[in-house]
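Heads up: the structure comes next, in structure tokens.
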Amino acid sequence: MTDLERNGSAKSADYDSVDTGEAIRDALTRHMSHQEQVLDRVRSERYFTKETIGADDGDHLDLTLSGKPLPPFGGGRLYPPLPPAREAYVVDFDGPGDPDHPLNWSTRKKLKIMAILGFATMGVAWGSSIFATATLEVSEKFHVGVLVAILGMSLYVCGFASGPLCWAPMSELYGRRLPIIVGVLGFSVFNLAVARAYDIQTILICRFFGGFFGASCLAVVPATFNDIFTNEWRGTALVCFSGAVFCGPLIAPVAGGFIVNSYLGWRWSEYITMIWGFFSLALIVLFVEETYAPVVLVKKAANLRRRTGNWGIHARLEQTELDFKGLIERNFSRPAKMLVTEPIMFLVSIYTAFIYGMLYLLLEAYPIIFVEGYRMSASVGELPYIGMVIGQLLGCGVVLSFEPMTLRAIKANNNRPVPEMRLLPTIIGGIVFPIGMFWLTWSGAYPEHVHWIVPTLAGLFIGSGIILIFLTLLTYLIESYMIFAASAMAANTFLRSAFAAGFPLAAGAMFRNLGVQWAGTLLGCVGILLMPVPVLFYIYGKRLRKLSKYAPDL
């Protein structure tokens, strides 16, 4: 038994017991140090390993899977006896201060990983909307309707919806690095295929798979940040992630408008996205290490087996083999199960889905307001998105300004997360966003009477409202579910991407048939109806988390 086990076993009960939360809470001091946070995280990871693959913590390993009889051992020999005291062969971290644990990595190393993964995520988000500027060109070149061309953007976001259901469970089984590398590689290859396509079918199919593979960043990067950052820095890291997710889709049309309308043409909007993807892939392969602690131990065990020649050394994650049925039940169905059985997951995902869908709807609404209404050129008509980008940066600043208050609450709670404190900026965003929508659409509906700067400035409110709502609710989900963060993100990403795929298809008909002002009023009123969600969770969230099967007792 390792020092970590000896130090922790007397203090904590097994995670399978009904008294798990009480045992851990009693074991913690008034102000939990960084080392104690690591110790608590290791215990959580052991529990998660059991929940993920069904690892048996006892000293006896079943020799059958799904009740099937074993084949002969071979060579005319009987099966050898199991090694004694299997726990003695399980590798672990060398105490909470072990430098190999991702939480103990240097700040420089963590910032490097954060910057590279943020850059890759921004490229994936950029790819979702860069095609919006090419829809007219694609429509004319391939002789299809504009709505069919818009499918190129919607199908990409459909890939965002379905991809996390694969990438998130994979990251919980095989670590964060593998799905990110495979995802970014696939994203780059399929963007190249779109750039080289010579029929509309190829474009639409490859756009879908580009989104499917790119979704690995959306689902796994937040969980990666959760692996390497403690409670004090997690919020700041997720500000960077959300900034990449939301600024990318708004910067892309500004650049894409000039690319598509230049001598380069629409194909170069995809070539540039492909180059971004391959450059990100190279950075990840060269500089990003595995951050998922159970998989770090798997690599440690493999290294020790090789160097000592002791074949019995292994990590907990290797204790039980997987069968297909168990894989589906424990991993791939978990995000869907959490979405339909967890009130926090469901309502937060509905709110973030609406906000995320609004981001992509506005990619179609802005050209209607500024190109068709104010008679701007196709390139110049994309520039008002800059107002939303500035608003999002302001929203990030507001979230960061709440961090000191949140940190004080965390310290008062034995240095454990207080998810409900993340909701204070959400409440502000819930008020600001509908104001921005009413401002944009009622001023933009009368281009002959209202100067173009007025609806452009509404983007400050819309952008800040979007980031305040999305970012803080994202952090709230991660801190509520912690060890199941990747599954929570997968469920959330699935629902919000489904909304984002449908909204652009409806935007043109909605804004032209209802009128700009009444379409904006309808959407603003939906925002008002969702305003009570963060208020309710701020008041009742802790009570709901105690009833949850997946949320740790904080």
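The shortest heavy-atom contact between Pro222 and Cys217 is CD-O, 3.8 Å. When all heavy atoms of Lys110 and Pro102 are compared, the pair lying nearest together is CE-O, 3.5 Å. The two residues Phe229 and Met114 come nearest to each other via the heavy atoms CZ-SD, 4.0 Å. The minimum heavy-atom distance linking Val399 with Pro425 is given by the pair CG2-CB, 4.4 Å. For Pro253 against Tyr385, the heavy-atom pair with the smallest separation is CB-CE1, 3.7 Å. Heavy atoms only, all atoms of each residue included: Tyr156 and Val124 are closest at OH-O, 2.9 Å.
Without hydrogens or angle criteria, Trp167 side chain to Phe212 main chain gives a donor-acceptor distance under 3.5 Å. Remark: side-chain polar atoms of Thr135 are not paired, donor with acceptor, to backbone N or O of Phe131 under 3.5 angstrom. Counting only distance, with no hydrogens or angles, the side chain of Trp276 and the backbone of Phe119 share a donor-acceptor pair below 3.5 Å. Lys337 places no side-chain N or O within 3.5 Å of a backbone atom of Glu342 that could act as its donor or acceptor partner.
For the residue pair Ser171 and Arg176, a side-chain donor N or O sits within less than 3.5 Å of a side-chain acceptor on the partner.
With Phe213 as reference, Phe190 is the one residue of Phe190, Phe187, Phe208 to meet the ring-ring contact (aromatic ring centres under 6.0 Å, His included) rule.
For the ring-ring contact (aromatic ring centres under 6.0 Å, His included) test, residues two or more places apart in sequence or in another chain that qualify with Phe499 are Phe503.
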Given the rule in the salt bridge (charged side-chain N to carboxylate O under 4.0 Å, His left out) test, do Arg545 and Glu420 qualify, once you have shown the distances and angles that lead to the verdict?
CA-CA 11 Å; Arg545 284 189 288 107; Glu420 284 69 37; 2.7 Å; yes

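Heavy atoms of other residues, nucleotides or ligands lying less than 6.0 angstrom from CZ of Phe461 number 12 at most.
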Considering only distance and modelled atom types, tabulate donor-acceptor pairs under 3.5 Å from the side chains of residues 353-363, sequence neighbours left out.
unit_1 : atom_1 : unit_2 : atom_2 : d
Tyr356 : OH     : Tyr360 : OH     : 3.3
Tyr360 : OH     : Ser128 : OG     : 2.6

